[in-house]
2 protein chains.
Amino acid sequence: MARVSQEHLDARRRQIIDGAIRCFTRNGFHATSMQDVLREVGLSAGAVYRYFSGKEELIGAIVGEAFGTIRGAFEDAAKQDPPPLPDKLLAHVLDTVLNGRVGGGSIEFPRLVLQVWAETLRNEGLATPLREGFADMRVAWGKLVDAYREAGLMPDDVDADAVARTMMALAQGFIAQQALFGDAKVEQLEAGLRALMRMEVPKVS
Amino acid sequence: MARVSQEHLDARRRQIIDGAIRCFTRNGFHATSMQDVLREVGLSAGAVYRYFSGKEELIGAIVGEAFGTIRGAFEDAAKQDPPPLPDKLLAHVLDTVLNGRVGGGSIEFPRLVLQVWAETLRNEGLATPLREGFADMRVAWGKLVDAYREAGLMPDDVDADAVARTMMALAQGFIAQQALFGDAKVEQLEAGLRALMRMEVPKVS
DNA sequence: TTGTCAAGAATGAATGTTCGTTTTAACTTG
DNA sequence: CAAGTTAAAACGAACATTCATTCTTGACAA
């Protein structure tokens, strides 16, 4: 045997994924060639194909990691007790997402997310886990809304799922703005939502 | 002369764009080949290349139309007087976007928008007009927030731009959900935002 | 320790395919 | 019939992937 250590194999795999993430974030999945990836990671074709059976599998691994990062951030936020108000909750999620490991941690990750969303539209094998994850997160966040109701912060007749979806839309929209314009600050979203929450709503509109 | 009428030329161009939109919405810009587009529109290569100098220009035309649709919807909503409350305002924008002409009018358009966002990330020529349009819309919506303040619906010290960005993030997030999961209803976003606006916010959090 | 060696890991040129685009020749029509 | 329009074949370039080959590693015998 001349097997190399498992750490070495893991490190190589990570090296490939990290380089591929840089390429895909920069140029999208399908405008990036495998040769671009090979150049970026500094390995030969044969080496990369030892770790991934092809481009499709490489994309799948990266999309899966991105799902995990986002899902983790949402679930992490929902776990807090007592549940923070929506503005704080969203700020926490977005801070976690933007500082996560995948994609280099910063301004790069939202761009990867946009590419992942686009890819999900044309790959049913990716769409299914995304839908399931979204459904789970809606349930978790719906429970937060129930907690708001029980604390007397919201009327009893609100649609918890609608509120959960609305808060998640805010997070998704922020990620889109961050990816597209780069200058979105979490504090701005927090302040903006806080202002909406404090708005005086006339009885009849 | 065997020149064909201008209407014929316009119709051909539209036929090409409409078919290309179907392809790009289904599969993204770079996973769609020109031959896919030719098949979809039912024309030969020579015909299509008479109307568009290449794939890049075809993409540019479609992205430009999508920008126009979205921008129109936002500006249209901001023009209303007296300004509706944020929940109604967003419902109006999203109804307009989802029922607009581009992209077949319905569930297809949000998917095209996601592809457009992804493409914008790698094409500076598309990114610039997007940024300018976003900046303009922020100004217009910031004025709406000023109107809320003057009507006594919001405290004087709120950051109008932050609120404008937050509302736009909601719209963008809804479009993302609609594209990815298909089952998002405008009324749900309206109800969810309404619930957040009516939330009892403790003085100290 | 040191030297040996087979198996695993990595290479990169070559493969067949598909890409966007151009060219050529035929057809339409005012 | 001539200019405008279309169809279809053909182009080189670039694509994802393969594979014969070379290099590297680490267990083990000395």
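Computed from a predicted model, the values in this text were never measured in an experiment. In what follows, chains carry the letters A, B, and so on, assigned in the order in which the sequence lines appear, proteins first and then strands, with residues in each chain numbered from 1.
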*Nearest-angstrom distance from the residue atom CZ of B:Arg39 to C1' of C:dG20*: 14 Å

*asked:* Output the rounded distance in Å from CZ (B:Phe52) to C1' (D:dT5).
replied: 16 Å

*Base, sugar-phosphate alone, or nothing: which one does A:Arg12 contact when heavy atoms must sit under 4.0 Å apart?*
sugar-phosphate

*Let me know the distance between CE of B:Met34 and C1' of D:dA14, rounded to the nearest Å.*
17 Å

*Does C:dA10 have OP1 or OP2 sitting under 4.0 Å from an N or O in the side chain of A:Tyr51?*
yes

*Counting just side-chain N and O atoms, does A:His8 come under 4.0 Å of either OP1 or OP2 of C:dA10?*
yes

*Let me know the distance between NE2 of B:His30 and P of C:dG20, rounded to the nearest Å.*
10 Å

*asked:* Just to be sure I understand the rule, does A:Gly46 reach a base, reach only the sugar-phosphate, or reach nothing, if contact means heavy atoms closer than 4.0 Å?
replied: base

*Ignoring hydrogens and angles, are the base of D:dA14 and the side chain of A:Gln35 linked by a donor-acceptor pair under 3.5 Å?*
no

*Roughly how far apart are B:Gln115 CD and B:Ile62 CD1, rounded to 0.5 Å?*
11.5 Å

*Identify whether any heavy atom of A:Thr32 sits under 4.0 Å from a base atom; if not, whether one sits that close to sugar-phosphate; answer base, sugar-phosphate or nothing.*
sugar-phosphate

*Please examine the side chains of A:Leu9 and A:Tyr51, heavy atoms only from C-beta on, and report whether any two atoms are closer than 4.5 Å.*
yes

_Whole angstroms only, please: what is the CD1-C1' distance between A:Ile59 and D:dC15?_
13 Å

*Which of parallel (below 30°), tilted (30 to 60°) and perpendicular (above 60°) describes B:Phe181 and A:Phe134?*
parallel

*From the options D:dT17, C:dA9, C:dG12, select the nucleotide whose nearest atom is closest to the side chain of A:Val4.*
C:dA9

*Taking side chain as C-beta onward, heavy atoms only, is A:Arg71 less than 4.5 Å from A:Phe67?*
no

*What is the distance, rounded to the nearest whole Å, between atom CG of B:Leu38 and atom P of D:dA7?*
10 Å

*Check step by step if side-chain contact (heavy atoms from CB on, under 4.5 Å) holds for B:Gln172 and A:Leu180.*
CA-CA 11 Å; B:Gln172 291 178 278; A:Leu180 293 168; 4.1 Å; yes

*asked:* Using whole Å, what does the distance between atom P of nucleotide D:dT25 and atom CD of A:Gln6 come to?
replied: 17 Å

*Could you tell me the separation between the CD atom of A:Gln15 and the C1' atom of C:dA10, rounded to a whole number of Å?*
12 Å

*If you pin B:Ala45 and B:Arg50 to their nearest nucleotides in DNA chain D, which one's is more 5'?*
B:Arg50

